[in-house]
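Reading through the structure tokens given below for one structure.
One is the number of the first residue; the rest follow in order along the sequence.
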Amino acid sequence: MHGREGHQQAAVGIVGAGLAGLSAARALAAAGVRVEAFDKGRGPGGRASTRRVELGDAVLRFDHGAQYFTVRDDRFARIVEHWSAQGACAPWIGQVAAVDSPGCIVPKAESPWRYVGTPGMNAIVSALLTDLPDDARVRFSTTVRSLEHAEAGWAIHADDGELGRFDALLVATPAPQAAGLLKPLPKLAEHAGTALMQPCWAVMAAFEEPLPIEADGLFLNQENQPLSWIARDSSKPERSAGERWVLHAGPKWSQAHIEDDREAVAEALLAAMAQATGAAIPRPIHAAAHRWRYALTTSRAEGGFLLDARSRVAVAGDWCHGGRVEGAVLSGLRAADALLTLLHV
């Protein structure tokens with residue numbers, strides 16, 4: 001156990017290695033804390049993932065989760081400048097419009113710059129990993145099952161045993177998963193259990209020729225429209241040649257069809273794309289659907305994170321900070337600040 005007494009290095013265990021968890025890990029490690037993070041995914045990304053598909057001799061890549069991000073906070077702006085200097089992100093100068101009625105595409109007024117990871121959205125998560133010191137450990141393909149009070153701290157358990165013991169914890173998973181892990185801390189568990197997280201079906205489609213749609217990103221505002229967003233994914237910077245689109249269903253449609261067959265979802269949403277845009281959509285050379293069970297949130301916690309100071313457990317994620325990439329990063333940073341104060345680092 002790495003306690004704080006006797007000037008020993010403090011240790012923090014992090015459950016979840018997405019944007020919030022890795023942002024916190026970076027801040028904690030920079031302050032001299034020993035960090036170990038665990039994530040059930042096979043690699044970095046989470047909802048800022050990039051799907052890789054082999055199609056004959058070609059490799060197709062799709063940003064099927066987070067589509068882009070904007071910058072409002074000064075602290076996040078400095079991080080984005082760092083990512084940009086590393087070549088991990090760049091502005092997306094695509095034409096973004098809205099569909100207010102079938103076939104009626106209306107260009108959107110000026111808005112904040114939209115940034116994307118380069119060459120894929122997962123590049124920003126990989127950049128956070130790169131910034132970690134060599135002694136910080138991140139273990140993927142590791143599912144945490146429970147958290148347990150241990151002598152002067154906490155133990156993290158997987159199915160096959162204990163993963164480690166720590167002075168403090170950060171839980172940075174979607175709210176429903178956090179609620180299950182936080183059973184030893186009922187108040188935190190209750191807060192996570194009441195946070196609203198909605199699903200999203202995503203479809204990734206590739207075509208032989210460019211589609212006749214006069215926009216690169218479209219918000220769909222039609223009542224009872226299955227889709228909420230479609231984007232020409234291949235229009236983003238540093239993407240390979242080809243015509244690739246990502247379609248996101250709205251939360252109501254996604255919830256109503258949450259257990260549907262993936263092929264049926266892809267077919268239904270491609271048909272909805274044709275109806276909404278008024279464009280002739282040819283048969284794709286590749287189409288696949290992915291279900292994000294916990295995708296969207298408007299929840300917010302005071303300060304952008306949760307904390308049980310007595311137990312030295314913090315909770316972070318976009319669902320603590322109103323959603324969005326910026327919210328996830330800031331939530332992780334603010335949770336890390338609070339833990340550093342408690343650990344007297």
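With hydrophobic clusters built from ILVMFWY side chains whose heavy atoms lie under 4.5 angstrom apart, Leu129 does not share a cluster with Phe38. Note: the hydrophobic cluster containing Leu218 also contains Ile281 (ILVMFWY, side chain heavy atoms under 4.5 Å, direct or indirect links). No chain of hydrophobic side-chain contacts below 4.5 Å, direct or via other Ile, Leu, Val, Met, Phe, Trp or Tyr residues, connects Val138 to Leu181. With hydrophobic clusters built from ILVMFWY side chains whose heavy atoms lie under 4.5 angstrom apart, Leu220 does not share a cluster with Tyr68.
Counting all heavy atoms, side chain and backbone alike, Pro199 lies closest to Ser254 at O-CB, 3.6 Å. Across every non-hydrogen atom of Leu269 and Ala249, the tightest pair is CD1-CB, 3.9 Å. Nearest heavy-atom pair, Ala98 versus Lys108, reported as atom, atom and distance to 0.1 Å: N-CG, 4.2 Å. Closest heavy-atom contact between Leu306 and Ala301: CD2-CB, 3.5 Å. Nearest heavy-atom pair across Ala97 and Pro107 is CB-CA, 3.8 Å. Between Trp319 and Thr173, the shortest heavy-atom distance links the atoms NE1-O, 2.8 Å.
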Query raised in the report: Given the rule in the side-chain contact (heavy atoms from CB on, under 4.5 Å) test, do Lys187 and His191 qualify, once you have shown the distances and angles that lead to the verdict?
Result: CA-CA 6 Å; Lys187 288 186 178 180; His191 197 131; over 6 Å; no

Report task. Kindly determine whether Glu326 and Val71 satisfy side-chain contact (heavy atoms from CB on, under 4.5 Å), including the steps that lead there. Result -> CA-CA 7 Å; Glu326 183 177 67; Val71 181; 4.3 Å; yes

Query raised in the report: Stepwise, does the salt bridge (Lys or Arg N to Asp or Glu O under 4.0 Å) test hold for Arg75 with Asp337?
Result: CA-CA 13 Å; Arg75 192 174 185 184; Asp337 292 343; 2.9 Å; yes

Report task. Verify side-chain contact (heavy atoms from CB on, under 4.5 Å) between Met273 and Leu211, making sure each step is shown before the conclusion. Result -> CA-CA 11 Å; Met273 177 185 182; Leu211 299 188; 3.6 Å; yes

**Report entry** side-chain contact (heavy atoms from CB on, under 4.5 Å) between Ile14 and Leu28, intermediate numbers included
**Finding:** CA-CA 11 Å; Ile14 299 176; Leu28 291 165; 4.2 Å; yes

Anything under 3.5 Å between a donor and an acceptor, one on a side chain of residues 233-242, the other on a protein residue two or more places apart or in another chain? List them.
{"unit_1": "Asp233", "atom_1": "OD1", "unit_2": "Lys236", "atom_2": "NZ", "d": "3.0"}
{"unit_1": "Asp233", "atom_1": "OD2", "unit_2": "Asp63", "atom_2": "N", "d": "3.0"}
{"unit_1": "Ser234", "atom_1": "OG", "unit_2": "Gly242", "atom_2": "O", "d": "3.1"}
{"unit_1": "Ser234", "atom_1": "OG", "unit_2": "Arg244", "atom_2": "N", "d": "3.1"}
{"unit_1": "Ser235", "atom_1": "OG", "unit_2": "Trp92", "atom_2": "NE1", "d": "3.1"}
{"unit_1": "Ser235", "atom_1": "OG", "unit_2": "Arg232", "atom_2": "O", "d": "2.7"}
{"unit_1": "Lys236", "atom_1": "NZ", "unit_2": "Asp63", "atom_2": "OD2", "d": "3.3"}
{"unit_1": "Lys236", "atom_1": "NZ", "unit_2": "Gln67", "atom_2": "O", "d": "2.9"}
{"unit_1": "Arg239", "atom_1": "NE", "unit_2": "Pro119", "atom_2": "O", "d": "3.2"}
{"unit_1": "Arg239", "atom_1": "NH1", "unit_2": "Gly117", "atom_2": "O", "d": "2.7"}
{"unit_1": "Arg239", "atom_1": "NH1", "unit_2": "Pro119", "atom_2": "O", "d": "3.4"}
{"unit_1": "Arg239", "atom_1": "NH1", "unit_2": "Pro237", "atom_2": "O", "d": "2.8"}
{"unit_1": "Arg239", "atom_1": "NH2", "unit_2": "Asp63", "atom_2": "OD2", "d": "2.5"}
{"unit_1": "Arg239", "atom_1": "NH2", "unit_2": "Gly117", "atom_2": "O", "d": "3.1"}

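Applying the side-chain hydrogen bond (donor to acceptor under 3.5 Å, both in side chains) rule to pairs touching residues 272-291 yields Arg51-His290, Glu259-Arg291, sequence neighbours excluded. Within the structure, no pair that satisfies the ring pair (Phe, Tyr, Trp, His ring centres under 6.0 Å) test touches residues 122-147, not counting sequence neighbours. Here ring pair (Phe, Tyr, Trp, His ring centres under 6.0 Å) pairs that include residues 208-228, with residues two or more places apart or in two chains, are Phe219-Trp229.
Between the side chain of Gln9 and the backbone N or O of Gly32 there is at least one donor-acceptor pair closer than 3.5 Å. The closest donor-acceptor contact from the side chain of Ser331 to the backbone of Phe305 lies at 3.5 Å or more, if one exists at all. Looking at Gln225, its side chain never comes within 3.5 Å of a backbone N or O of Ala276 through a donor-acceptor pair. Between the side chain of Thr297 and the backbone N or O of Gly323 there is no donor-acceptor pair closer than 3.5 Å. Between the side chain of Arg262 and the backbone N or O of Ala288, no donor-acceptor pair lies under 3.5 Å. Side-chain atoms of Ser84 never come within 3.5 Å of backbone atoms of Val80 as a donor-acceptor pair (strictly under, hydrogens ignored).
Contact check for Val144 versus Leu163: side-chain heavy atoms found under the 4.5 Å cut-off. For the pair Leu19 and Val325, the minimum side-chain heavy-atom distance is below 4.5 Å. For the pair Leu147 and Val171, the minimum side-chain heavy-atom distance is below 4.5 Å. Contact annotation: the side chain of Met121 approaches that of Val116 to within less than 4.5 Å [non-hydrogen atoms, C-beta and beyond]. Using a 4.5 Å cut-off on side-chain heavy atoms (C-beta onward), Val33 and Leu340 make contact. By the 4.5 Å heavy-atom criterion applied to side chains, Val313 and Leu182 are counted as neighbours. The shortest side-chain heavy-atom distance between Phe166 and Val12 does not fall under the 4.5 Å cut-off. In this structure, the side chains of Ser23 and Leu128 come closer than 4.5 Å at one or more pairs of heavy atoms.
Residues passing the ring-ring contact (aromatic ring centres under 6.0 Å, His included) test with His257 are Trp253, sequence neighbours excluded.
In this structure, CD on Glu81 lies 11.5 Å from CZ on Phe76, to the nearest 0.5 angstrom. Here the NZ atom belonging to Lys40 is positioned 11.5 Å from the OG atom belonging to Ser141, to the nearest 0.5 angstrom. Note that OG1 of Thr341 is 9.0 Å distant from NE2 of His344, once rounded to the nearest 0.5 Å. Within the model, atoms CZ of Arg145 and CD1 of Ile156 stand 14.0 Å from one another, a figure rounded to the nearest 0.5 Å. Going from atom NZ of Lys183 over to atom CG of Leu188 covers 15.0 Å, rounded to the nearest 0.5 Å. For the atom pair CG of Leu132 and CG of Leu22, the computed distance is 6.5 Å after rounding to the nearest 0.5 Å.
Between His149 and Trp154, the distance from one ring center to the other falls under 6.0 angstrom. Residues Trp292 and His64 bring their aromatic ring centres within 6.0 Å.
The one candidate from Val15, Val315, Leu307, Leu339 that meets the side-chain contact (heavy atoms from CB on, under 4.5 Å) condition with Leu170 is Leu339.
Residues Val53, Leu55, Leu60, Phe62, Met204, Val246 make up the rest of the hydrophobic cluster containing Ile285, defined by ILVMFWY side-chain heavy atoms closer than 4.5 Å, directly or through other members.
Within a 6.0 Å sphere centred on CD of Glu214, other residues, nucleotides and ligands contribute 12 heavy atoms or fewer. When the shell of 6.0 Å around CG of Asp74 is examined, it contains 12 or fewer heavy atoms from other residues, nucleotides or ligands.
Taking the six-membered ring where tryptophan is involved, the planes of Trp83 and Phe69 are perpendicular, since the angle between them exceeds 60° and thus also 30°.
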